[in-house]
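Here is the structure we will look at.
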Number of protein chains: 2
Amino acid sequence: MVKYSQHQLDLAFGALAHPIRRGILARLSTGEASVAELAKPFKVSAPAITKHMKILEEAGLLSRKKLGRVHRCRLEERRMKQAQEWLAEHRKFWNDKLDALERYLKENP
Amino acid sequence: MVKYSQHQLDLAFGALAHPIRRGILARLSTGEASVAELAKPFKVSAPAITKHMKILEEAGLLSRKKLGRVHRCRLEERRMKQAQEWLAEHRKFWNDKLDALERYLKENP
DNA sequence: ACTATACTTAACCATCTGGTTAAGTATAAA
DNA sequence: TTTATACTTAACCAGATGGTTAAGTATAGT
C-alpha cells in the first residue's frame with residue numbers, strides 16, 4: 001500500500017536527518033518564526049541556515065512568506081503528517097514486537 | 001528535552017530516506033529474512049543492497065547473525081521506536097494544528 | 001542619500017550517497 | 001575436489017550534503 005509518493009517521503013525523512021533541521025522544525029511547532037530567529041540557537045553561518053531552509057522547503061515541511069525583509073516561516077503540517085503516517089503504518093507490527101521486547105526486558109533485567 | 005543522541009536520530013532518519021531501505025524495513029516488520037530475500041523486490045546489484053544494509057545496520061535499525069552462508073536479518077525495534085518518538089514528541093503540537101487545518105478545510109472546501 | 005538589517009547567491013571544498021563492475025571469501029552441495 | 005551459492009570488498013563515478021567566505025539584493029531606519 002503506497003499512500004504517498006516515495007520521493008516525497010525520501011525528502012521528508014532526509015530533511016529530518018539533521019539536528020539543525022529538526023531543531024528548526026521543533027521551534028516551528030511552537031509557532032511561526034523568522035529565519036534569524038530559527039538560526040539563533042545554532043552556531044553556523046547564515047548561508048548554512050539558508051541551505052537547511054531550502055532542504056526543509058523542498059521537502060514540503062516548511063513554507064514561508066516574505067513580509068518586508070523578514071521571511072515568516074511556518075510548519076507545513078500535511079507533509080509532516082505523511083512522514084508520521086509512514087511510521088504509523090508499520091507501528092502495529094513494531095508495537096507487537098516492542099510489547100514482547102518490553103515484557104522480555106521486564107522479566108530478564 | 002533531548003532523550004536520545006542527536007547523532008542516532010540523524011542516522012535513523014537518514015536511513016529512512018530511501019525507498020529501498022524503507023522497503024527492507026517494511027519487509028522485516030513482517031519477520032526475519034535473508035539478504036537475498038530482502039533484495040528480491042529491487043532491481044539493483046547485490047553490492048548496492050550490501051550498502052543499504054550497512055546504512056540500516058549503522059543506524060541501529062537492523063541486526064543480523066550469520067547462519068552458514070546466510071545472513072538472518074531482523075528489525076531493531078528499539079532504535080526504530082526512538083525515531084517514532086521524536087515525531088511523537090511533537091505530535092501534540094502538530095495534531096493541534098492539523099485539527100485546526102482539517103476543520104478549516106472542511107469549512108472552506 | 002546613506003547605512004544597517006535580513007537574507008540569498010556564488011564559489012569552493014570535503015565527505016557521504018547510491019549506483020556500477022570485477023574480484024574475493026566462506027559455506028554448501030555434487 | 002570441484003562448483004555453485006550467499007554475500008562482501010574494492011575501485012570507480014556522478015551527484016548531493018554541509019560547511020565555509022565573499023559578495024549581492026532588497027527593505028527599513030536615520
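Heavy-atom basis, side chains included; hydrogens, waters and symmetry copies ignored. Throughout, a chain's letter reflects where its sequence line sits, starting with A, and its residues are numbered from 1.
B:R64 has no side-chain polar atom (N or O) that falls below the 4.0 Å cut-off from OP1 or OP2 of D:dA6. Between B:H52 and C:dG19, a side-chain N or O to OP1/OP2 separation shorter than 4.0 Å is present.
The NZ-P distance, from B:K66 to D:dT5, rounds to 18 Å in whole Å. Nucleotide D:dG18 holds its P atom 12 Å from the CD1 atom of A:I49, rounded to whole Å. For A:K65 and D:dT27, the NZ to P distance is 17 Å, given to the nearest whole Å. Per the geometry, NZ belonging to B:K54 stands 15 Å off C1' belonging to C:dG19, to the nearest Å. Distance CD (A:E57) to C1' (C:dT9): 15 Å, rounded to an integer number of Å. Distance, A:H7 NE2 to C:dG18 P: 12 Å, rounded to whole Å.
Residue B:K51 has its side chain nearest to D:dC12 when only C:dA4, D:dG19, D:dC12 are considered. Of the listed nucleotides (D:dC7, C:dA6, C:dT20), D:dC7 has the atom at the smallest distance from the side chain of B:V70.
Looking at A:R27, its side chain never comes within 3.5 Å of a backbone N or O of A:E37 through a donor-acceptor pair. Judged by distance alone, the side chain of B:R74 and the main-chain N or O of B:E32 form no donor-acceptor pair under 3.5 Å. A distance-only check finds no donor-acceptor pair linking the side chain of A:R78 to the backbone of A:G60 [under 3.5 Å]. Side-chain atoms of A:R72 never come within 3.5 Å of backbone atoms of A:L67 as a donor-acceptor pair (strictly under, hydrogens ignored).
Between A:H18 and A:H52, the ring-plane angle classifies as tilted under the 30° and 60° cut-offs.
At least one side-chain heavy atom of A:C73 sits under 4.5 Å from a side-chain heavy atom of A:M53. The side-chain heavy atoms of B:I55 and B:L11, taken from C-beta on, include no pair separated by under 4.5 Å. Residues B:L16 and A:L9 fail the side-chain proximity criterion, which asks for heavy atoms closer than 4.5 Å.
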So which protein nitrogen or oxygen atoms get under 3.5 Å of nucleotides 13-17 of chain C's nitrogens or oxygens?
none

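Checking A:R69 against A:M53, the closest nucleotide of DNA chain C that is more toward the 5' end is the one next to A:R69. A residue-by-residue look at A:E58 and A:L67 shows that A:E58 has its nearest nucleotide of DNA chain D further toward the 5' end.
Using a 4.0 Å cut-off on heavy atoms, the residues of residues 34-47 of chain A that approach DNA chain C are A:S34, A:V35, A:A36, A:A46, A:P47, listed by number.
The NZ atom of B:K81 sits 13.0 Å away from the CG atom of A:L87 when rounded to the nearest 0.5 Å.
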